[in-house]
Amino acid sequence: TVSRCGMVYLEPAMLGVQTHLESWLSALLPRLDSRQGRSPDSAVIQRIPDLFEVFFDDCAKFVMNECPMAVPCSIVQLARSLMRLFEAQLLSGDFLRDCHDPKVRLEEVILQLDMRFIYALVWSVGSVGDEQGQNAFSKFLREATVGVHSLEDGRSLKLDRACLIPNGGQNVHEYLIEDQRWISWRERLQREANAAALGGDSGMMACCKMAFVPTTESMKITSTIELCLAHKLPLLLVGPTGTGKSGSVQQVCRDAPKDT
């Protein structure tokens, strides 16, 4: 459509995912530079579009065709959601520090990059479905991330075994990255509960006094909200009454700095 002022309007789907990916990368890469202006190793930079090429299309098409979706999404919307969460993962924590630390081996940086991509993939593309859809996605992703994958230019990509989400009888949504390894949300909840019992976590004790009892599900929600807030990302919480949407938002607001 061409407007009277000569502006051309296009449906987002007409641009395709690749156009959005290239635009996003052009804005992201300068933010990965060190304070001295040094760029990450070229292998790290190339790894980002390679991961999208290998995993995004197949995962997105599987979710759209095989999984009941709680919120209908286009493939471009899924891509943008993945890009935002992946960017937040790369710009927070220890990744940037290790990326420019000459003492850290390139293989370790690539491992961290891959783990953050998988985590972002789970909580973007893999989280728009209902419980049945998430279980199906979990099985699909475990199968999709093993083996050697061929790229269009003839190169190959293989994820290190340490990058793969553990398969302990739970779906992939039950794990998070902590200290450069996968741990279960249950493990993190238990550790915080133990700290609270010893008087070392006043935050959890305050939650109990306010009748907000932390669970693994509430921890997933609050952690995602905090990540999005830290990077000013839009977020929509969807679910029926009584699933903890308002409680989780209120808890994050109570814990957030006053100037947030």
Side-chain angles (χ1 to χ4, degrees), residues 12-13 17 20 51-86 88-89 114-147 149 159 161 163-178 182-190 212-228 233-249 251-252:
V17 172
H20 286 271
L51 289 168
F52 272 86
E53 179 184 334
V54 170
F55 297 111
F56 172 74
D57 277 345
D58 288 344
C59 288
K61 289 175 182 176
F62 176 82
V63 167
M64 296 180 70
N65 296 329
E66 305 294 336
C67 300
M69 299 176 70
V71 180
C73 297
S74 69
I75 192 168
V76 171
Q77 290 171 322
L78 293 177
R80 294 298 303 177
S81 179
L82 171 57
M83 292 171 197
R84 286 169 173 166
L85 281 181
F86 188 32
Q89 290 283 310
D114 292 349
M115 291 178 71
R116 283 162 171 76
F117 178 83
I118 296 299
Y119 182 84
L121 186 64
V122 168
W123 287 102
S124 55
V125 178
S127 296
V128 295
D130 58 13
E131 183 177 359
Q132 179 184 347
Q134 291 185 12
N135 290 337
F137 175 82
S138 178
K139 181 179 179 181
F140 176 83
L141 183 64
R142 291 192 188 281
E143 296 174 353
T145 49
V146 298
H149 305 272
L159 298 179
R161 173 173 286 187
C163 169
L164 305 180
I165 299 178
N167 190 354
Q170 304 180 86
N171 69 28
V172 294
H173 300 79
E174 300 303 319
Y175 293 89
L176 72 152
I177 303 169
E178 190 171 281
W182 294 106
I183 69 166
S184 68
W185 288 99
R186 186 179 303 171
E187 180 181 343
R188 180 174 175 180
L189 177 64
Q190 185 61 52
F212 182 86
V213 180
T215 65
T216 56
E217 294 303 315
S218 69
M219 290 187 77
K220 295 174 190 176
I221 296 172
T222 54
S223 294
T224 302
I225 295 173
E226 289 167 354
L227 179 65
C228 291
L233 299 178
L235 181 69
L236 176 66
L237 298 182
V238 179
T241 302
T243 53
K245 300 184 299 298
S246 298
S248 296
V249 172
Q251 180 60 34
V252 170

* To do: Verify side-chain contact (heavy atoms from CB on, under 4.5 Å) between Leu159 and Ile118, making sure each step is shown before the conclusion.
  => CA-CA 10 Å; Leu159 298 179; Ile118 296 299; 4.2 Å; yes
* Give the intermediate values and the outcome of side-chain contact (heavy atoms from CB on, under 4.5 Å) for residues Val125 and Ile75. => CA-CA 9 Å; Val125 178; Ile75 192 168; over 6 Å; no
* Under the side-chain contact (heavy atoms from CB on, under 4.5 Å) criterion, do Arg116 and Leu85 qualify, and how do the steps go? -> CA-CA 9 Å; Arg116 283 162 171 76; Leu85 281 181; over 6 Å; no
* Verdict with supporting geometry, Leu237 and Ile225, side-chain contact (heavy atoms from CB on, under 4.5 Å) -> CA-CA 9 Å; Leu237 298 182; Ile225 295 173; 3.9 Å; yes
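Taking 4.5 Å as the limit, every side-chain heavy atom of Ile183 sits out of range of all side-chain heavy atoms of Ile177. At a threshold of 4.5 Å between non-hydrogen side-chain atoms, the residues Tyr119 and Trp182 count as touching. Within the 4.5 Å cutoff, no side-chain heavy atoms of Met83 are placed close to those of Ser124. Annotation: side chain of Arg188 is in contact with side chain of Ser223 (closest heavy-atom distance under 4.5 Å). Val249 has its side chain out of reach of Ile221: every pair of non-hydrogen atoms, C-beta onward, lies at least 4.5 Å apart.
For the atom pair OH of Tyr175 and CG of Asn167, the computed distance is 7.0 Å after rounding to the nearest 0.5 Å. Atoms CE and OG1, on Met219 and Thr224 in that order, are 11.0 Å from each other to the nearest 0.5 Å. In this structure, the separation between CD on Gln170 and CD1 on Ile165 is 11.5 Å, given to the nearest 0.5 Å. Residue Thr222 holds its OG1 atom at 11.5 Å from CG of Leu227, rounded to the nearest 0.5 Å. To the nearest 0.5 Å, atom CH2 of residue Trp185 and atom CD of residue Gln190 are 15.5 Å apart.
Other residues, nucleotides and ligands place more than 12 heavy atoms under 6.0 Å from the NZ atom of Lys245. Surrounding CD of Glu131 are at most 12 heavy atoms belonging to other residues, nucleotides or ligands under 6.0 Å away. Environment of CZ in Arg186: sparse, with no more than 12 heavy atoms of neighbouring residues, nucleotides or ligands closer than 6.0 Å.
Taking the six-membered ring for Trp, His173 and Trp123 have ring centres closer than 6.0 Å. The aromatic ring centres of Phe52 and Phe117 sit less than 6.0 Å apart.
For Glu174, the side chain to side chain donor-acceptor pair (under 3.5 Å) partners at least two apart in sequence or on another chain are Lys220. By the side chain to side chain donor-acceptor pair (under 3.5 Å) test, Glu178 pairs with Arg191, sequence neighbours left out.
Ring geometry for His149 against Phe55 counts as perpendicular: the plane angle is over 60°, on a 0 to 90° scale with 30° as the lower cut.
Under a 3.5 Å cut-off, the side chain of Ser127 and the backbone N or O of Val122 do form a donor-acceptor pair. Gln77 places a side-chain N or O within donor-acceptor distance of the main-chain N or O of Ser74, the cut-off being under 3.5 Å.
Residues Leu164 and Val146 come closest through the heavy atom pair CD1-CG1, 3.9 Å. Residues Phe137 and Leu121 approach most closely at CZ-O, 4.2 Å, considering heavy atoms. Between His20 and Val76 the shortest heavy-atom distance is NE2-CG1, 3.4 Å. Considering every non-hydrogen atom in both Pro68 and Gly133, the closest pair reads CD-CA, 4.0 Å.
Legend: side-chain hydrogen bond (donor to acceptor under 3.5 Å, both in side chains) pairs involving residues 132-144, not counting sequence neighbours, sorted by first then second residue: Asn135-Asn171.
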